[in-house]
Amino acid sequence: MSVKVLAIGKKHESWVSEGIERYGKRLKKPFDLTWNLLPHSAREGDAARQEESVRILSKVGERDHLVLLDERGRNVDSPGLARHLQGHFDAGQPVTVVIGGAYGVDETVHARAGFVWSLSKLVFPHQLVRLILAEQLYRAQEIAGGRPYHHV
């Protein structure tokens, strides 16, 4: 099992790639991290949101636990995220994390999501969100393994 990330957007900028590689090398099963970057829609607004959402859902497995990153989602602390992910790994359920495009995702993706997660009430650039996600997955792995990466 691993964590699959589906993200709308361009390839990682070099500084993002370096950070993701740094944390990716530290991750171990079941926290292995794979990225699938899906292109932006050429459309705008609702049309773009709908087109990108169809692309996203076509890459989500039937059994996948879908985690949607959304600024209006639920805030959790790092230990809470670790518990959430570990529960799905323990149940043998693949985890897919979605980072939508500039217009977000439509209601079909929201309805499919098992967990809508907000990194913060602040809005971040997509490239930065990718790096934060990689670090938080590494932190969740360390917390789940009882290692001292996270100090309360």
#### Entry: side-chain contact (heavy atoms from CB on, under 4.5 Å) evaluation trace for Thr96 with His65
CA-CA 6 Å; Thr96 296; His65 172 63; over 6 Å; no
According to a hydrophobic-cluster definition based on side-chain heavy atoms being under 4.5 Å apart (Ile, Leu, Val, Met, Phe, Trp, Tyr only), do [X] and [Y] belong together?
X: Leu69; Y: Leu137; result: yes
X: Val109; Y: Val54; result: no
X: Leu119; Y: Val95; result: yes

If I compare all heavy atoms of [X] with all of [Y], which pair ends up nearest, and what's the gap?
X: Gly73; Y: Ser118; answer: O-CB, 3.4 Å
X: Pro79; Y: Ile143; answer: N-CD1, 3.8 Å
X: Ser2; Y: Thr34; answer: OG-OG1, 4.5 Å
X: Lys11; Y: Gln127; answer: O-NE2, 3.3 Å

Using a 4.5 Å cut-off on heavy atoms from C-beta on, say whether the side chain of [Y] contacts that of [X].
X: Val98; Y: Leu66; value: yes
X: Ile8; Y: Ile99; value: no
X: Leu38; Y: Asn36; value: yes
X: Val116; Y: Arg72; value: no
X: Leu131; Y: Phe124; value: no

### Summary
Result for side-chain contact (heavy atoms from CB on, under 4.5 Å) between Trp117 and one of Asn75, Leu81, Leu68, Asp70 points to Leu81
What distance do [X] atom [atom1] and [Y] atom [atom2] have between them, rounded to the nearest 0.5 Å?
X: Asp32; Y: Gln141; atom1: CG; atom2: CD; value: 8.5 Å
X: His12; Y: Glu21; atom1: NE2; atom2: CD; value: 8.5 Å
X: Ile20; Y: Lys25; atom1: CD1; atom2: NZ; value: 13.0 Å
X: Leu33; Y: Phe31; atom1: CG; atom2: CZ; value: 11.0 Å
X: Glu142; Y: Arg147; atom1: CD; atom2: CZ; value: 4.0 Å
X: His40; Y: Glu52; atom1: NE2; atom2: CD; value: 7.0 Å

### Query
Does the side-chain contact (heavy atoms from CB on, under 4.5 Å) test come out yes or no for Arg130 and Val5, once each step is laid out?
CA-CA 9 Å; Arg130 295 175 193 178; Val5 179; over 6 Å; no
### Task
Under the salt bridge (charged side-chain N to carboxylate O under 4.0 Å, His left out) rule, collect the residues that match up with Asp64, sequence neighbours excluded.
Lys4
### Message
Does Glu135, at its CD atom, have more than 12 non-hydrogen atoms belonging to other residues, nucleotides or ligands within less than 6.0 Å?
### Response
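Yes, because the 6.0 Å sphere around CD of Glu135 holds more than 12 heavy atoms from other groups.
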### Task
Applying side chain to side chain donor-acceptor pair (under 3.5 Å), name anything that partners Arg55, two or more places apart in sequence or on another chain.
Glu51
### Task
Just do the side-chain contact (heavy atoms from CB on, under 4.5 Å) check on Glu44 and Tyr103 with the steps written out, would you?
CA-CA 8 Å; Glu44 293 185 12; Tyr103 298 103; 3.6 Å; yes
### Task
Give me the ring orientation class for Tyr138 and Tyr23: parallel if the planes are under 30° apart, tilted from 30 to 60°, perpendicular past 60°.
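It falls in the tilted class, 30° to 60°.
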### Task
Measure the acute angle between the ring planes of His84 and Phe115, then classify it against the limits of 30° and 60° as parallel, tilted or perpendicular.
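Rings of His84 and Phe115: tilted, as their planes differ by 30° to 60°.
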### Query
Could you walk me through whether Ser78 and Gln136 pass the side-chain contact (heavy atoms from CB on, under 4.5 Å) check?
CA-CA 7 Å; Ser78 296; Gln136 283 299 302; 2.9 Å; yes
